[in-house]
> 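Take this structure first; my questions come after.
Please read these numbers as outputs of a predicted model, since none were measured by experiment.
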Amino acid sequence: MSPYADERPRHVILKRLALWTAPLLLVVVCLLIFDALDASISRSEAYLDLLNGRVDEARHRWTALQDTYWSSNDVPAGLRICDALEPGARVSRISPGIRAGLRQFPLRVLLHRALVHRHYEACLRLAGLAQEARVPFAPLYRAAALLELGRPDEARSVLCSTTEPFRDGPLGRRIARVLSALAEDARAILQDRRGTPIGWITTNEKIRFLDGIDTALLPVTTIQSAIAEDLAPSVRLSLDLELSQIAARALRGYRGSIVLLDPGTGEILAAVSDRRSRKRIVDPAFRELREPASIAKLITTTAALRAGLDVDREISKTVCTGAERFEGDFLYCPFPAGRLKGLNQAMAISCNIAFANLGVEVGAPGLIRELYLFGFGRPGKCGIRFGRLLHRSFRERALADLSIGLEETEITPLHAALIAAVFAGDGRMPEPTLFSARDGLLGVSSPYPAAPALGHPIVQQEWLPIVRNAMRAVVEWGGTVHGVEPGDFKVAMKTGTASAPGLGYHTNYIGFGPISAPTVAFCVRITGQRTSKSVRQASMNVTYRLLHYLAKHRDLLGKLPEEPRQNWMSLIGLTDQDAGDETS
């Protein structure tokens with residue numbers, strides 16, 4: 001008998017035991033892997049909950065992880081962050097283990113979100129935790145939160161303790177500017193539409209501008225008149241410094257004004273004028289009255305539609321010979337166009353005779369009523385003026401002049417831009433405003449937008465395509481401003497040219513764009529030219545430059561995002577490389 005005979009059954013038993021236990025071990029390993037994956041997913045979801053402000057959900061996930069095998073320093077650190085985000089919580093000293101866990105968290109992003117979403121108490125507590133975790137720019141966010149909470153002395157002390165690179169970054173400079181303004185008896189900080197500090201309002205309601213702000217870009221006197229009694233700590237104007245600079249560059253070299261506004265809200269985005277115009281009249285973009293000229297033909301058109309006339313048929317009766325008598329006096333056109341085909345052609349070439357005949361057909365009562373609907377004779381406020389009628393009764397020749405915007409009416413550049421806004425939107429004339437939102441002192445938080453006034457309805461919905469198509473014809477081949485628009489920024493426009501004794505020729509070029517979804521309405525007024533040819537050429541040059549600038553910077557137009565676009569790196573002045581160095 002073999003000496004190994006007694007061991008053979010033991011080998012078989014071990015072999016069979018291994019065959020039975022291997023699947024069990026595999027199941028256990030798989031369960032452990034799945035459990036680890038589940039814990040990792042829970043961690044990721046807890047991070048996302050914190051970033052999105054869902055504190056209760058994050059606390060629930062961290063608590064569930066606390067009693068698992070996969071718990072580590074980041075779990076009590078996550079619970080400590082949840083505590084810091086709760087109202088009324090107090091930040092106490094933390095252990096080295098929790099400090100190590102905090103370094104695994106995106107504290108920088110949490111600080112940034114708490115600040116921009118106006119959770120200033122939470123930002124203050126998070127900054128305390130971040131300082132414990134030795135995040136170098138945590139004092140900067142702490143100073144910002146203290147300032148927003150109305151504790152400027154503490155904010156000044158904390159800012160002084162911040163390291164120099166961060167103190168000299170964008171947020172540090174903002175804090176320093178606001179502290180300087182508060183030290184000089186500021187009642188409210190003044191910002192532009194994008195939250196850039198431009199000055200402050202003193203307790204005696206005077207405006208003081210920061211060094212480096214070009215006040216030539218701002219209608220200072222009108223802003224001063226429009227200051228509200230109930231001011232927030234910081235007020236955002238509707239004026240955009242970047243758009244104002246674009247308008248000023250477009251106007252450079254010519255006399256006149258440019259007004260840009262949001263056709264949906266009535267927010268005035270830019271209102272600039274040249275130096276000579278500002279010297280002659282205060283804030284000419286809002287107060288300079290000149291004849292509207294041919295832009296009044298838009299109003300004559302809607303008056304005819306309101307009277308029930310078929311505008312195309314009425315205009316197609318006209319044979320333009322270049323001149324026609326009204327009560328014995330000649331009314332002239334730029335050139336004899338012959339038999340007109342309809343509204344679009346008449347608007348494109350700006351035929352005076354066609355619209356004078358249309359206005360006479362409507363009659364004085366209907367035309368005057370339409371002008372009142374479009375704001376003529378409306379009392380202005382806060383230094384903003386609307387157009388006016390110079391007379392109330394009209395014979396045929398005067399009615400012809402009224403129909404084409406000559407002799408009988410005057411208008412400001414702002415009012416002209418508002419007329420364009422009527423056709424850009426839903427037929428309402430928006431209420432013009434210089435204020436867009438209330439904000440925190442630093443201008444880096446999500447603002448509280450002012451509720452826009454609805455404006456008053458003027459043009460019926462079914463008329464809008466008729467007038468828009470006619471305005472579009474002005475820009476297309478054969479129109480008075482053909483070639484002025486960029487290829488990727490289609491606009492609709494109307495032009496007007498007139499003269500005033502002793503003041504030379506002037507134009508009003510109004511329009512809106514982009515045509516598919518209008519975000520801006522505008523008026524370009526050029527003044528002080530010696531001939532009609534030179535004023536039209538100047539207006540073409542300025543409008544061409546303006547539209548091409550707007551096409552290039554179209555991201556500046558439209559509604560601002562509710563959350564500021566700056567991330568935490570740009571706010572404190574770090575690049576991607578700096579951020580990598582700081583994290584390490």
Side-chain angles (χ1 to χ4, degrees), residues 219 221-222 247 250-251 254-261 268 270-300 332 334 350 352 355 371-372 374-380 383-391 398 400-422 429 432 480-481 493-511 521-543 546:
T221 303
T222 306
L251 187 61
Y254 296 100
R255 292 178 65 179
S257 301
I258 293 178
V259 174
L260 306 176
L261 57 84
I268 302 166
V272 300
S273 304
D274 73 291
R275 180 181 56 81
R276 286 182 292 176
S277 296
R278 295 196 309 273
K279 194 172 182 179
R280 191 179 59 83
I281 185 172
V282 174
D283 293 346
F286 296 153
R287 306 186 190 200
E288 183 185 53
L289 288 164
R290 292 287 180 93
E291 290 177 351
S294 292
I295 65 172
K297 294 169 183 174
L298 298 171
I299 301 174
T300 302
Y332 294 94
S350 200
N352 289 339
F355 288 96
L371 287 164
Y372 281 143
F374 273 87
F376 284 82
R378 176 180 171 185
I384 292 176
R385 300 177 69 178
F386 287 83
R388 61 181 182 177
L389 276 74
L390 302 181
H391 305 94
D401 286 334
L402 182 67
S403 304
I404 61 173
L406 299 178
E407 303 292 343
E408 308 297 335
T409 52
E410 293 179 330
I411 197 170
T412 62
L414 172 63
H415 190 183
L418 287 169
I419 291 174
V422 171
M429 178 174 283
T480 53
V481 283
M493 287 184 60
K494 184 67 192 87
T495 63
T497 306
S499 64
L503 297 174
Y505 284 84
H506 71 269
T507 58
N508 291 305
Y509 281 17
I510 66 171
F522 61 88
C523 172
V524 173
R525 172 175 289 181
I526 300 300
T527 61
Q529 297 291 315
R530 294 183 177 181
T531 65
S532 61
K533 181 180 179 180
S534 65
V535 78
R536 287 196 299 271
Q537 186 60 54
S539 301
M540 283 285 288
N541 292 342
V542 172
T543 306
L546 175 67

> D283 side chain to T222 main-chain N or O, any donor-acceptor pair under 3.5 Å?
yes
> Report yes or no: do K297 and N352 form a side-chain donor-acceptor pair below 3.5 Å?
yes
> CD1 of I268 to CG of L418: how many Å apart, nearest 0.5 Å?
7.5 Å
> If I take atom CD from residue E291 and atom CG from residue L503, how far apart are they, to the nearest 0.5 angstrom?
10.5 Å
> Is the shortest side-chain heavy-atom distance between R290 and E410 below 4.5 Å?
no
> Are the side chain of T507 and the backbone of R525 linked by a donor-acceptor contact shorter than 3.5 Å?
no
> Are the side chains of V422 and F374 in touch, meaning some heavy atoms are under 4.5 Å apart?
yes
> Please tell me whether F376 and H415 form a close aromatic pair, meaning their ring centres lie under 6.0 Å apart.
yes
> Would you indicate whether the side-chain heavy atoms of T543 and V481 approach each other to under 4.5 Å?
no
> From M493 CE over to C523 SG, what is the distance, rounded to the nearest 0.5 angstrom?
9.5 Å
> Write down the atom of A416, the atom of I295, and the distance for their closest heavy-atom approach.
CB-CD1, 3.9 Å
> What verdict does the side chain to side chain contact (heavy atoms under 4.5 Å, CB included) test give for R287 and T221, after you've listed the backbone C-alpha separation in whole Å, the side-chain angles of each residue and the deciding distance to 0.1 Å?
CA-CA 11 Å; R287 306 186 190 200; T221 303; 3.7 Å; yes
> Do I526 and V542 come within less than 4.5 Å of each other through their side chains, counting heavy atoms only?
yes
> Mind checking the CG-CG spacing from D401 to L390? Nearest 0.5 Å is all I need.
11.5 Å
> List the residues meeting side-chain hydrogen bond (donor to acceptor under 3.5 Å, both in side chains) with R255, not counting sequence neighbours, and say none if there are none.
none
> Show your reasoning for whether side chain to side chain contact (heavy atoms under 4.5 Å, CB included) applies to L261 and L414.
CA-CA 9 Å; L261 57 84; L414 172 63; 3.9 Å; yes
> Less than 3.5 Å apart, any donor N or O on the side chain of T480 or T495 sitting next to an acceptor on the other?
yes
> Check whether Q529 reaches the backbone of Y505 with its side chain - one donor and one acceptor, N or O, closer than 3.5 Å.
no
> Begin with the C-alpha distance, continue with both residues' side-chain angles, and end with the deciding distance and a verdict on side chain to side chain contact (heavy atoms under 4.5 Å, CB included) for I299 and I419.
CA-CA 9 Å; I299 301 174; I419 291 174; 4.0 Å; yes
> For the CD1 atom of I384 and the CZ atom of F286, what is their distance to the nearest 0.5 Å?
5.5 Å
> Indicate yes or no for a side-chain donor-acceptor contact from S534 to the backbone of T531 under 3.5 Å, with no hydrogens or angles considered.
yes
> Do K494 and Y509 come close enough that some side-chain heavy atom pair is under 4.5 Å?
no
> Does any part of the side chain of L298, heavy atoms only, come nearer than 4.5 Å to the side chain of I510, both counted from C-beta?
yes
> Whether the side chain of N541 engages the backbone of Y254 through a donor-acceptor N/O pair (distance < 3.5 Å, no angle test) should be reported.
no
> Within this structure, what is the CD1-CG distance for the pair I258 and L251, rounded to the nearest 0.5 Å?
4.5 Å
> Determine whether E408 and L389 make a side-chain contact, defined as any pair of heavy atoms from C-beta on separated by less than 4.5 Å.
no
> If we ignore angles and hydrogens, is there a donor and acceptor under 3.5 Å between the side chains of S294 and S350?
yes
> So, do L260 and L546 sit near enough that their side-chain heavy atoms are less than 4.5 Å apart?
yes
> Over all heavy atoms of both residues, which pair between A498 and L406 is shortest? Give the atoms and the distance, please.
CB-CD2, 3.8 Å
> Looking only at heavy atoms, which two atoms of V259 and P413 are closest? And how far apart?
CG2-CB, 3.9 Å
> Any carboxylate oxygen within less than 4.0 angstrom of a Lys/Arg side-chain nitrogen, looking at R385 and E288?
no
> Apply the test side chain to side chain contact (heavy atoms under 4.5 Å, CB included) to residues T497 and V535: give CA-CA distance (whole Å), side-chain angles for both, the deciding distance (0.1 Å), then the verdict.
CA-CA 8 Å; T497 306; V535 78; 3.7 Å; yes
> Quick check: does any side chain N or O of S277 sit under 3.5 Å from a backbone N or O of S273, one acting as donor and the other as acceptor?
no
> Is a donor on one side and an acceptor on the other found under 3.5 Å between the side chain of D274 and the backbone of R276?
yes
